[in-house]
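Notes follow the structure.
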Amino acid sequence: LIGLKSRAPFARTFDRVEALQREADARFRETEQRLQAELADTERRLGELQSAREDTSSLLMSPEQQAEVERFQQEQLRIRRELREVQRELDSSIDRLGTTLKIVNIAAVPLALLVIGVFVLVLKRRRGAQ
């Protein structure tokens, strides 16, 4: 018994699950990369706008500069929100897959066995009645 306990646990991989996870991950990572690029561009433009102020000693900006800074900040918030949503969607798709597998394992397989058992029982009774 000691020899059995010291063995490393065996983890069987689920090829289909891993393929679905890789597919979902690739799809969402593509979106995430696009949004990250947009965010970097927005932050770069915001930095350029703030460094391009004519009067660097003054804390006041022109109304146009204030409007641009506000617009860039709103864009930055929107992109970050979309990035969080993409991550949530990735997590939820993996969770949905896990839930589906649990339902199949817990309910569908026993239900299929029950249907097969009833079918076999009906066949035996019909043959016995003839």
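All figures in this text were calculated on a predicted structure; none of them were measured in a lab.
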Take atom CD in Q73; do more than 12 heavy atoms of anything else shown fall under 6.0 Å from it?
yes
Roughly how far, to the nearest 0.5 Å, is CZ of R29 from CZ of R22?
14.5 Å
Which atom pair, heavy atoms only, marks the closest approach of N105 to V109?
O-CB, 4.3 Å
List in chain and number order the residues that pass salt bridge (Lys or Arg N to Asp or Glu O under 4.0 Å) with R96, two or more places apart in sequence or in another chain; answer none if no residue qualifies.
none
Spacing of Q74 atom CD and E70 atom CD [to the nearest 0.5 Å]:
5.0 Å
side-chain contact (heavy atoms from CB on, under 4.5 Å) test vs R125 passes for just one of V122, L123, L121, namely L121
Can you tell me how far CD1 of I116 sits from CG of L111, rounded to the nearest 0.5 angstrom?
10.0 Å
What verdict does the side chain to side chain contact (heavy atoms under 4.5 Å, CB included) test give for R81 and R84, after you've listed the backbone C-alpha separation in whole Å, the side-chain angles of each residue and the deciding distance to 0.1 Å?
CA-CA 5 Å; R81 194 176 313 121; R84 284 191 303 271; 3.9 Å; yes
